Amino acid sequence: MVSGPVVNVYPLSSYTFGSKEAKMEKDTSVADRLARMKQNYMKEGMRTSVEGILLVQEHNHPHVLLLQIGNTFFKLPGGRLKTGENEIEGLKRKLTSKLAPTASSIQPEWQECKKLFVVPLAERQYFAVPKNLKLLAVPLFELYDNVQRYGPVISAIPQQLSRFNFNAINN
């Protein structure tokens, strides 16, 4: 039997969560977002984005950290790459921008990412979430096949993660 890559998954209680200044969305409506994306496409071509799957465990069950905007919209941390930017370096930049505290003394050292962009977390880390967002640990079983609530990308994460082996590390 061939086994997949191993990812250590630490308890949610190992992490510290704080807040930082709100990051305002660039668009006030879906129509504005679509218009901006169309304009960017006409100017720069195909848009390349990266998103990270950050895993923690709670009650010995893996959870994915998701950003929640308002009451109904969820997204993975990440965003658009700069033109010519390396995917892994760009993902590290976006994770730092979205989740790292502003104090340089506690900047995280993002580890190497797998191509699926599963981001192995250090055993302990401090996350600073913009005040207008929430960072939630959502169990994999809730994501599975739940397209209506989480959309097609996030609801497919459990299937994508099935090729990995996880070490649930308890303190």
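The structure displayed is predicted, hence computed values, not measured ones.
A salt bridge is defined here as a Lys NZ or Arg NE, NH1 or NH2 lying under 4.0 Å from an Asp or Glu carboxylate O, and Lys94 with Glu51 fails to meet this definition.
What you find for Ser49 and Arg80 is that their closest heavy atoms are OG-CA, 3.9 Å. Of all heavy-atom pairs spanning Lys75 and Ile154, the tightest one is CA-CD1, 3.8 Å. The minimum heavy-atom distance linking Pro101 with Ala128 is given by the pair CA-CB, 3.4 Å. Annotation for Pro130 and Lys98: closest pair CD-O, 3.4 Å, computed over non-hydrogen atoms. Val50 approaches Gly90 most closely through the heavy-atom pair CG2-C, 4.2 Å.
Between Asn170 and Gln57 there is a side-chain heavy-atom pair separated by less than 4.5 Å. Counting heavy atoms from C-beta outward, Leu65 and Leu136 have side chains that stay 4.5 Å or more apart. Residues Asn132 and Ile69 have side chains not in contact (no heavy-atom distance under 4.5 Å, counting atoms from C-beta outward). Within the 4.5 Å cutoff, the side chain of Leu143 has heavy atoms near those of the Leu66 side chain. Considering only heavy atoms from C-beta on, His63 stays 4.5 Å or farther from Val138 through its side chain. For the pair Phe166/Leu161, a side-chain contact is recorded, criterion being any heavy-atom separation below 4.5 Å from C-beta on. Val119 places a side-chain heavy atom less than 4.5 Å from the side chain of Leu95. Considering only heavy atoms from C-beta on, Leu121 comes within 4.5 Å of Tyr15 through its side chain.
Side chain of Ser155 to backbone of Gly151: a donor-acceptor contact under 3.5 angstrom is found. Using modelled atom types, one side-chain atom of Lys20 and one backbone atom of Ala100 make a donor-acceptor pair closer than 3.5 Å.
Every residue two or more places apart in sequence or in another chain that forms a side-chain contact (heavy atoms from CB on, under 4.5 Å) with Ile169 is listed here: Asn8, Tyr10, Asn167. The side-chain contact (heavy atoms from CB on, under 4.5 Å) check on Asp145 picks up nothing, with sequence neighbours excluded. Take Glu142 and apply the salt bridge (charged side-chain N to carboxylate O under 4.0 Å, His left out) test, not counting sequence neighbours, and it matches no residue. With sequence neighbours excluded, the residues satisfying side-chain contact (heavy atoms from CB on, under 4.5 Å) with Lys43 are Asn40. Residues passing the side-chain hydrogen bond (donor to acceptor under 3.5 Å, both in side chains) test with Arg149: none are found, sequence neighbours excluded.
Distance OG1/Thr16 to CD/Gln125: 9.5 Å, rounded to 0.5 Å. Put simply, OG on Ser19 and NZ on Lys131 are 5.0 Å apart, with the number rounded to the nearest 0.5 Å. Atom CG of Asn146 and atom CZ of Phe74 lie 9.5 Å apart (nearest 0.5 Å). To the nearest 0.5 Å, atoms CD1 (Ile157) and CG (Leu76) are separated by 4.5 Å. With values rounded to the nearest 0.5 angstrom, Leu34 atom CG is found 13.0 Å from Gln39 atom CD. Atom CG of Leu54 sits about 6.5 Å away from atom CG of Leu99, to the nearest 0.5 Å.
Taking the six-membered ring where tryptophan is involved, the planes of Phe127 and Phe17 are essentially parallel, since the angle between them stays under 30° and well short of 60°.
Annotation for Lys134: atom NZ does not count as buried by contact number, only 12 or fewer foreign heavy atoms lying within 6.0 Å.
Clustering of Ile, Leu, Val, Met, Phe, Trp and Tyr by side-chain heavy atoms under 4.5 Å joins Tyr41 with Met42.
In this structure, Leu133 is a member of the same hydrophobic cluster as Phe73, with clusters built from ILVMFWY side-chain heavy atoms closer than 4.5 Å.
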> Does the pair Val64 and Ile53 meet the rule for a side-chain contact (heavy atoms from CB on, under 4.5 Å), with working shown?
Replying inline: CA-CA 7 Å; Val64 176; Ile53 299 171; 4.3 Å; yes
